[in-house]
Amino acid sequence: MSFDLAARLAARRAEHLYRQRPLLDSPQGPEVIVDGRPLLAFCSNDYLGLASHPEVICALQDGAARWGVGGGASHLVIGHSTPHHELEEALAAFTGRPRALLFSTGYMANLAAVTALVGQGDTVLEDRLNHASLLDAGLLSGARFSRYLHNDAASLAARQDKATGNTLVVTDGVFSMDGDLAELPALCAEAKRKGAWLMVDDAHGFGPLGAHGGGIVEHFGLGLDDVPVLVGTLGKAFGTAGAFVAGSEALIETLIQFARPYIYTTSQPPAVACATLKSLELLRTEGWRREHLNRLIARFRAGAAELGLTLMDSPTPIQPLVIGDSARAMEFSRLLREHGFLVGAIRPPTVPAGTARLRVTLSAAHSEEQVDRLLAALGECRVLLAPEGDA
Ligand SMILES: Cc1ncc(COP(=O)(O)O)c(C=O)c1O
């Protein structure tokens with residue numbers, strides 16, 4: 001037996017599923033240099049335009065000068081420093097929860113929360129379209145793992161009726177590849193019917209959603225009792241890196257005691273926490289970013305509908321255009337690039353088979369004129385695209 005990696009890679013290429021990494025040679029922002037070419041990007045998750053904000057950069061530089069570059073050790077040894085502590089307190093206040101706990105990535109926060117809360121004999125129920133890190137966490141936990149139909153409280157109910165032990169119901173807040181919102185009030189009521197806990201990963205909701213950027217729980221006016229486990233990531237609208245879990249005192253202490261992805265890893269650099277403190281301040285105080293973003297979303301949706309493009313039911317900066325076939329999605333993305341626009345083609349297994357799409361994302365850093373240029377390019381490229389079936 002040997003590992004036939006070449007055959008595996010060739011098969012991926014033949015299925016039009018081979019992935020490549022565009023090389024960014026400029027700061028994040030609408031105008032980027034990628035693979036040596038200037039392009040207008042509509043694919044980053046920097047929804048509020050904070051990733052290259054001068055004040056956030058300054059906070060990072062000052063933080064590094066004061067606290068050094070590395071975290072140095074795990075949080076439980078000597079890697080937990082004052083900026084981490086201050087950021088946790090600020091995130092707890094921002095989410096209106098007793099405590100928050102900082103992680104180096106959202107992937108790790110999700111692994112940590114699920115595996116610390118459920119294990120053998122318990123049940124974890126997840127939306128079919130949840131992010132990979134949540135699905136991986138469910139499998140890793142050793143609990144009975146089942147996926148309910150997307151956003152379907154009745155499908156969740158059928159699974160809850162067969163659940164054993166403690167049950168954790170897990171959902172994305174904003175679905176990362178579709179941009180739609182979890183039906184939290186219905187999911188929450190269904191979870192409560194059986195005494196289950198609801199965990200929401202609001203990686204894409206914090207910042208754009210809610211009157212103050214407090215994400216989907218603020219949008220629906222839900223509290224700690226409705227969503228006991230709330231996850232946010234910091235690499236998207238916050239523009240920096242890392243993630244947090246917010247909840248009760250007991251939840252956070254449980255994670256500190258039992259969550260292996262928290263315990264056995266080096267803390268994030270404290271300077272990054274300094275930068276996030278600044279971006280949190282901007283997110284809270286500069287409401288115009290959210291308002292401008294919402295205007296761009298409405299403008300894009302109206303323009304795309306006029307072009308006859310198939311839009312998903314998304315009120316968020318994630319505005320996917322479903323193409324279906326992977327090869328056609330790739331070709332559309334390539335044509336757009338020739339016209340000077342970077343929009344990622346998302347293919348299976350990231351999305352279900354037959355639903356390859358262009359994942360357009362909007363940011364408060366975009367101007368209306370840039371959105372209009374994208375719409376014009378989408379119209380032109382669609383005409384150039386081979387008719388369905390010929391690709
Ligand atoms: C819904 C969701 N959760 C978690 C993550 C992982 O977060 P991070 O990039 O910080 O690991 C992502 C994307 O990266 C995501 O889209």
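We're numbering straight along the sequence, starting at 1. Please read all numbers here as calculations on a predicted model, not as lab measurements. Both counts, for ligands and for their atoms, begin at 1 and track the order of listing.
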Closer than 4.0 Å to some heavy atom of [X] - which atoms of ligand 1 meet that?
| X | value |
| --- | --- |
| Ser176 | 16 (O) |
| Ala203 | 1 (C), 2 (C), 3 (N), 15 (C) |
| Ser133 | 4 (C) |
| Thr233 | 7 (O) |

Subject >> Salt bridge flag under 4.0 Å for residues Arg99 and Glu253 >> reply: yes

Can you tell me the protein heavy atom closest to [atom] and the distance?
| atom | value |
| --- | --- |
| atom 1 (C) of ligand 1 | Asp201 OD2, 3.3 Å |
| atom 6 (C) of ligand 1 | Tyr107 N, 3.6 Å |
| atom 15 (C) of ligand 1 | His131 CD2, 3.2 Å |
| atom 16 (O) of ligand 1 | His204 NE2, 2.6 Å |
| atom 10 (O) of ligand 1 | Gly106 N, 2.7 Å |

Original post:
Do His53 and Leu50 have side chains that get closer than 4.5 Å, going by heavy atoms?
Top reply: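 Yes, side chains in contact.
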
Original post:
Does the side chain of Thr164 reach to within under 4.5 Å of the side chain of Asp122, using non-hydrogen atoms?
Top reply: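 Thr164 does not reach Asp122 side chain to side chain.
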
Taking the six-membered ring for Trp and the full ring for Phe, Tyr or His, determine whether the centres of [X] and [Y] are under 6.0 Å apart.
| X | Y | value |
| --- | --- | --- |
| Phe238 | Tyr47 | no |
| Phe175 | His204 | no |
| Phe103 | Tyr262 | yes |
| Phe42 | His366 | yes |

Subject >> Lys236 touching ligand 1 at heavy-atom level, < 4.0 angstrom >> reply: yes

Subject >> Proximity of Thr105 to ligand 1 by residue part, where a heavy atom lies under 4.0 Å >> reply: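 It is both backbone and side chain that touch ligand 1.
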
**OP:** Of the side chain and backbone of Asn110, name the one, both, or neither that has a heavy atom under 4.0 Å from an atom of ligand 1.
**Re:**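 The part of Asn110 near ligand 1 is the side chain, not the backbone.
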
Original post:
Relative to Tyr148, does Arg159 satisfy both conditions: NZ or CZ under 6.0 angstrom from the six-membered ring centre, and within 45 degrees of the ring's axis?
Top reply: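 No, Arg159 and Tyr148 do not form such a contact.
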
